[in-house]
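What you are looking at is a predicted structure, and each value in this text was computed from that prediction instead of being measured. Residue numbers run from 1 in the order of the sequence given. Computed over heavy atoms, backbone and side chain alike; hydrogens, waters and symmetry mates excluded.
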Amino acid sequence: MTFLKILVVDDDPVTRTLLTKRLIHEGYTIDTAEDGRVAIEKLARQFYDVVLTDLMMPGGVDGIGVLEAAKRINIKTEVVLITAHASVDNAIEAMKKGAVDYLQKPINFDELFLRLDKIRNLKMLVKNASDLREAMDVTEKTSAETIQDLEILVTELNGRLSAIRSTLLQSDMAPESRIRQVLDGLDEK
């Protein structure tokens, strides 16, 4: 995952366009929504790595509503709230509900890109850990099967060795006959 798929949600078309152009220029895949309701519809149809959403929007679904819906639909979607009306209480509420970050307008793009890089790196670490866990599970299963196969083979070889030993120790047969019988037995198996 080199770049993130981002949903930009803002009722202000200028902010939406500015964010979209800057993010596309940086190589991100962008989709937009003009309000919280449209954002929730898009979230229900498609996975986004990140949602950048304005906190205050008309239409009955604000940024906190988008955050809650995004986390309900897919817990792996990270949400960054953006607002011109920053307050400590809003930031605390957003973080308690699962927001990964909180930015103030006007947007400092260097700060935004740093935060998106942090999210991308964290997602890559989680994916790498998941891949390693899966590889370990496969290795563990394969090892268990190999050990079981080897135990069966050892048991079989011990049985053959015991039969060879028994044949070679028979004193009522000539040594050449015992050796021929052992060799014939080996050729059969």
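Residues that satisfy the salt bridge (Lys or Arg N to Asp or Glu O under 4.0 Å) test with R115, not counting sequence neighbours, are D101, E111. Residues passing the salt bridge (Lys or Arg N to Asp or Glu O under 4.0 Å) test with E151, sequence neighbours excluded: none. Listed by chain and residue number, nothing satisfies the salt bridge (Lys or Arg N to Asp or Glu O under 4.0 Å) test with D110 (two or more places apart in sequence, or in another chain).
In this structure, Y28 and F3 have perpendicular ring planes: the angle between them is above 60°, well past the 30° mark.
For the pair R178 and M173, the tightest heavy-atom approach, listed with the atom from each and the gap, is NE-O, 3.3 Å. Closest of all the heavy-atom pairs between G36 and V9 is N-CG1, 4.3 Å.
One hydrophobic cluster, built from ILVMFWY side chains closer than 4.5 Å, cannot hold both L114 and L52; they sit in different ones. Both F109 and I24 are members of a single hydrophobic cluster when ILVMFWY side chains are connected at heavy-atom separations under 4.5 Å. Side-chain heavy atoms closer than 4.5 Å link hydrophobic residues (I, L, V, M, F, W, Y) into clusters, and following such links, possibly through other members, connects V100 to L23. When the side chains of ILVMFWY residues are joined at heavy-atom separations under 4.5 Å, either directly or via intervening members, L183 and L168 end up in a single hydrophobic cluster.
Between atom CZ of residue F47 and atom CG of residue L7 there is a gap of 11.5 Å, rounded to the nearest 0.5 Å. Interatomic distance, L19 CG to I6 CD1, rounded to the nearest 0.5 Å: 9.0 Å. Taken from CD1 in I107 to OG1 in T83, the straight-line distance is 10.5 Å, to the nearest 0.5 Å. Taken to the nearest 0.5 Å, the CG atom of N128 stands 13.5 Å off from the NZ atom of K123. Rounded to the nearest 0.5 angstrom, S143 OG and M136 CE are separated by 11.0 Å. Separation of atoms CG (L116) and CG (N121) is listed at 11.0 Å; rounding is to 0.5 Å.
At least one donor-acceptor pair closer than 3.5 Å links the side chain of T146 to the backbone N or O of T142. Distance alone, capped at 3.5 Å, places no donor-acceptor pair between the S166 side chain and the S162 backbone.
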Quiz item: Between Y48 and L4, does a side chain to side chain contact (heavy atoms under 4.5 Å, CB included) hold up when you go through it step by step?
Solution: CA-CA 8 Å; Y48 296 92; L4 304 169; over 6 Å; no
Quiz item: When you look at I40 and V61, which way does the side chain to side chain contact (heavy atoms under 4.5 Å, CB included) test go after all the steps?
Solution: CA-CA 9 Å; I40 291 169; V61 180; 3.6 Å; yes
Practice problem: Start with the C-alpha gap between I119 and V80, add the side-chain angles, then the distance that decides, and say whether side chain to side chain contact (heavy atoms under 4.5 Å, CB included) holds. | Solution: CA-CA 10 Å; I119 291 168; V80 177; 4.0 Å; yes
Exercise. Begin with the C-alpha distance, continue with both residues' side-chain angles, and end with the deciding distance and a verdict on salt bridge (Lys or Arg N to Asp or Glu O under 4.0 Å) for K141 and E145.
Key: CA-CA 6 Å; K141 182 178 185 237; E145 290 171 355; 3.5 Å; yes
Practice problem: Begin from the C-alpha positions of I164 and L186 and carry the test side chain to side chain contact (heavy atoms under 4.5 Å, CB included) through to its verdict. | Solution: CA-CA 9 Å; I164 290 170; L186 289 176; 3.7 Å; yes
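No more than 12 heavy atoms of other residues, nucleotides or ligands sit less than 6.0 Å from atom CD of E140.
Considering only heavy atoms from C-beta on, M95 stays 4.5 Å or farther from I92 through its side chain.
Counting only residues at least two apart or in different chains, salt bridge (charged side-chain N to carboxylate O under 4.0 Å, His left out) contacts with residues 9-21 comprise D10-K105.
Using a 4.0 Å cut-off between a side-chain N of Lys or Arg and a carboxylate O of Asp or Glu, D131 and K127 qualify as a salt bridge. By the 4.0 Å N-to-carboxylate-O rule, R37 lies too far from E41 to be salt-bridged with it.
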If you look only at distance, which donor and acceptor atoms sit under 3.5 Å apart when one is on a side chain in residues 62-74 and the other is two or more places apart or in another chain?
residue: D62; atom: OD1; partner: I64; partner atom: N; Å: 3.2
residue: D62; atom: OD1; partner: G65; partner atom: N; Å: 2.9
residue: E68; atom: OE2; partner: K97; partner atom: NZ; Å: 2.5
residue: K71; atom: NZ; partner: I75; partner atom: O; Å: 3.2
residue: K71; atom: NZ; partner: T77; partner atom: O; Å: 2.7
residue: N74; atom: OD1; partner: K76; partner atom: N; Å: 2.9

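A side-chain contact (heavy atoms from CB on, under 4.5 Å) with Y102 holds for exactly one of I82, L81, V79; it is L81.
Hydrophobic cluster membership of L153, counting Ile, Leu, Val, Met, Phe, Trp and Tyr whose side-chain heavy atoms lie under 4.5 Å apart directly or via other members: L157.
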